[in-house]
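Below is one structure, written out as structure tokens; the observations come after it.
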Amino acid sequence: MERIKELVAQMTLGEKASFCSGADFWHTESLERLGIPASMVSDGPHGLRKQDEAADHLGVNESIKAVCFPAGCATAASFNRELLEQMGEALGKECQAEGVSVILGPAVNIKRSPLCGRNFEYYSEDPLVASEMAGALVKGIQSQNVGTSIKHFLANNQETRRMSVSAQIDGRALREIYLAAFEGAITQGKPWTVMCSYNKINGVYAAENKKYLTDVLRGQWGFEGYVMSDWGAVNDRVADLEAGLELEMPSSMGANDRLIVEAVEKGLLKEEILDRAVERILSVVFRFEENRDRTAVFDRDKDHETARKVAEECLVLLKNEGSLLPLATDKKVAFIGEFAAKPRYQGGGSSHINSHKITSALDAAAGNANIVYARGYDSSKEETDQALLAEAVKAAAEADVAVIFAGLPDSYESEGFDRPHMSMPASQNRLIEEVAKVQPDVAVVLHNGSPVEMPWISKVKAVLESYLGGQAVGSAQYDILFGRVNPSGKLPETFPLKLEDNPSYLNFPGEKDVVEYREGIFVGYRYYDKKKMEVLFPFGHGLSYTTFAYSGLKLDKRRMEAQDTLRVSVEVANTGSRLGKEVVQLYVRDKESTAIRPEKELRGFAKVELKPGETKTVSFTLGKRAFAYYNTQIHDWHVEGGDFTIMIGKSSRDIVLQEDVYVGQSAPLPVHYTKDTTFGDVMENPRAAEFVEGLLSQGMFGGEEGGSAASEAISREMMEAMMRDMPLRGVLSFAGKGGVGAETVKKLIDRLNESEKA
Ligand code: BGC
């Protein structure tokens with residue numbers, strides 16, 4: 001750092017300003033005089049989209065041949081941190097080989113609505129899953145001395161008006177859901193850089209939002225790298241710099257450098273702020289430069305195999321009636337649907353990879369003479385192609401089993417726009433219905449970045465969700481269909497029955513430039529569970545070809561203080577006949593709470609591999625945050641004392657074991673009494689309650705106790721119930737003769753407040 005400070009000290013004001021924006025579309029500035037090299041950044045997040053340096057200043061040219069790993073939507077379903085770390089290591093090596101200092105990802109925004117066009121890049125509706133998976137990828141990439149840029153900070157949960165919309169989010173939802181998706185990945189994974197989003201948060205552009213870029217990110221989470229803008233997210237360069245945005249991308253062609261210089265010269269911007277920004281940028285530049293691995297090679301074939309291995313754990317078996325899957329190799333199987341030959345394995349936009357090779361399910365089936373193929377539909381068309389449909393129905397009727405490869409075409413789902421609905425193309429829905437009429441054994445293999453409606457669900461026996469599984473997805477599909485690989489993915493999001501059920505439905509994508517997140521913390525399963533709604537497939541759901549049995553849930557204590565940790569262990573056994581992997585899920589429920597809370601929240605997960613007959617113990621450690629909610633009065637996490645249930649589930653809707661633990665309150669919440677405080681609230685505080693009891697016994701409500709006809713109809717309990725919601729000032733209006741006066745109430749309030757301070 002000292003050396004970097006010295007370098008910055010030797011730079012002119014103009015040079016320093018120029019370092020705060022890109023040299024071009026993908027590079028930071030360089031300065032030969034001081035030996036500062038340019039540094040290249042590239043997309044991200046699930047493959048390397050490195051553009052040809054010579055030709056391109058707009059970022060539109062074709063990128064180099066690379067390897068497309070499964071997208072975020074898919075890797076989240078693996079629930080496997082080690083696997084993501086391995087994928088990260090491969091990506092990091094690729095970057096070293098290509099001289100890319102920072103890869104632009106992971107993208108961790110919460111999947112608030114199934115319609116967000118960029119959901120395929122994102123992980124989950126649950127912040128723990130998003131944050132853990134992103135953190136693992138960051139760790140893997142950075143283990144190769146290559147930086148990451150976790151994005152898009154903050155609340156970029158839709159593509160509609162992404163550059164101007166303001167996400168209006170309440171303080172609790174921000175902390176518990178939207179910030180939480182970044183928090184663990186940043187505090188644990190320590191990404192070298194963070195990319196701010198285009199949108200506004202509660203009226204302030206992310207790029208100039210000091211509260212998040214500086215107070216939260218650096219002040220509370222200890223982030224030490226630099227913040228870069230999303231491409232073109234800068235609105236007011238000087239304000240952004242002051243708020244904590246170090247690097248503007250891409251280049252502003254000098255325009256914003258001049259504004260920075262001017263601001264410093266006029267005394268409107270402290271030069272220290274500029275110096276610090278340049279220091280932070282240069283620290284990352286040199287961190288990469290000084291740790292270059294000149295021996296690294298981009299081994300595309302090897303990474304294709306890694307992409308395949310990752311994909312094998314991403315696919316989710318949603319339904320498997322009568323154990324239709326796995327298929328026996330001697331069965332005559334009709335592979336139907338264009339995606340069997342040309343899988344949709346990635347999404348459109350800045351993450352689009354120029355794949356060096358693609359393996360479709362049909363490629364993977366080469367050599368299996370029992371497979372026939374019929375295209376079934378034209379993915380570029382909405383309407384049914386009658387000839388393709390007829391051919392597919394015929395093939396299905398003549399086969400023992402039909403496997404339909406379906407899902408969303410590129411035009412349905414991409415960066416830059418949101419989906420208008422949650423349906424698959426009508427031609428594909430029709431194809432599934434028609435095939436199911438002639439073939440009782442139908443499996444559907446889906447390709448989509450986010451939930452789809454499945455009007456045909458009761459007519460097919462099996463559904464295998466592939467998400468966007470990367471360039472090797474076909475091998476993973478084939479191996480799972482034929483049982484060479486046992487599926488082990490779980491849904492990182494809820495599949496609602498229909499779009500209208502989704503909690504954001506009434507407020508997505510908002511009105512003009514404002515979108516209100518009125519569902520608050522009730523995102524995904526937090527909402528469906530609270531409402532006890534039927535869903536198509538719940539969060540955490542996913543089947544296996546083997547069976548798992550859970551037993552022996554143990555908590556290492558029955559009572560604890562909020563600052564203690566709780567050790568939880570559970571035994572999981574493979575009771576079937578195949579090797580398998582299970583995702584053990586731990587949810588916590590606050591049994592009784594004055595704060596409005598979800599039914600339960602995921603607080604831990606672990607993936608274990610078990611041989612047939614094998615049992616393993618899975619352990620979790622829970623700290624304060626597992627029990628806390630974000631209290632906006634104290635601006636901190638708060639545990640309300642009481643009983644909590646620790647639940648172990650195979651999914652959010654399949655809880656198999658549970659035990660209670662008593663957790664003490666984290667700290668008393670500050671109370672300030674006024675004449676509007678209710679008696680009920682006063683009575684909650686034992687010390688304060690004494691005063692009020694005293695008043696009651698003095699016959700505060702006049703001296704007529706037991707006298708009137710009306711009072712005969714009122715029991716003491718009824719009286720107390722009515723009193724509960726009465727503000728203290730109420731005694732002035734309702735007290736009878738001999739009741740208390742304003743002076744007495746004021747004194748009472750003063751005494752209550754004094755007793756609080758004591
Ligand atoms: C996207 C980012 C991406 C950047 C550079 C932007 O449009 O939102 O995710 O990293 O472009 O391609």
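First listed ligand is number 1; within each ligand, the first listed atom is number 1.
- For Gln158 (side chain) and Pro509 (main-chain N/O), a donor-acceptor pair under 3.5 Å exists by modelled atom type.
- Evaluation of the ring-ring contact (aromatic ring centres under 6.0 Å, His included) test over residues 181-211, restricted to residues two or more places apart or in two chains, returns Phe153-Phe182.
- Enumerated by chain and number, the residues approaching ligand 1 to less than 4.0 Å through a heavy atom are Trp26, Asp43, Arg49, Leu104, Arg118, Lys151, His152, Arg162, Met195, Tyr198, Asp230, Trp231, Ser350, Glu415.
- Side-chain contact, Ser251 with Asp24: no donor N or O sits under 3.5 Å from an acceptor N or O.
- Residues passing the ring pair (Phe, Tyr, Trp, His ring centres under 6.0 Å) test with Tyr178 are Tyr517, sequence neighbours excluded.
- Side-chain N/O atoms of Gln477 and Ser466 include a donor and acceptor closer than 3.5 Å.
- Take Glu382 and apply the side chain to side chain contact (heavy atoms under 4.5 Å, CB included) test, not counting sequence neighbours, and it matches Tyr412, Pro425, Ala426.
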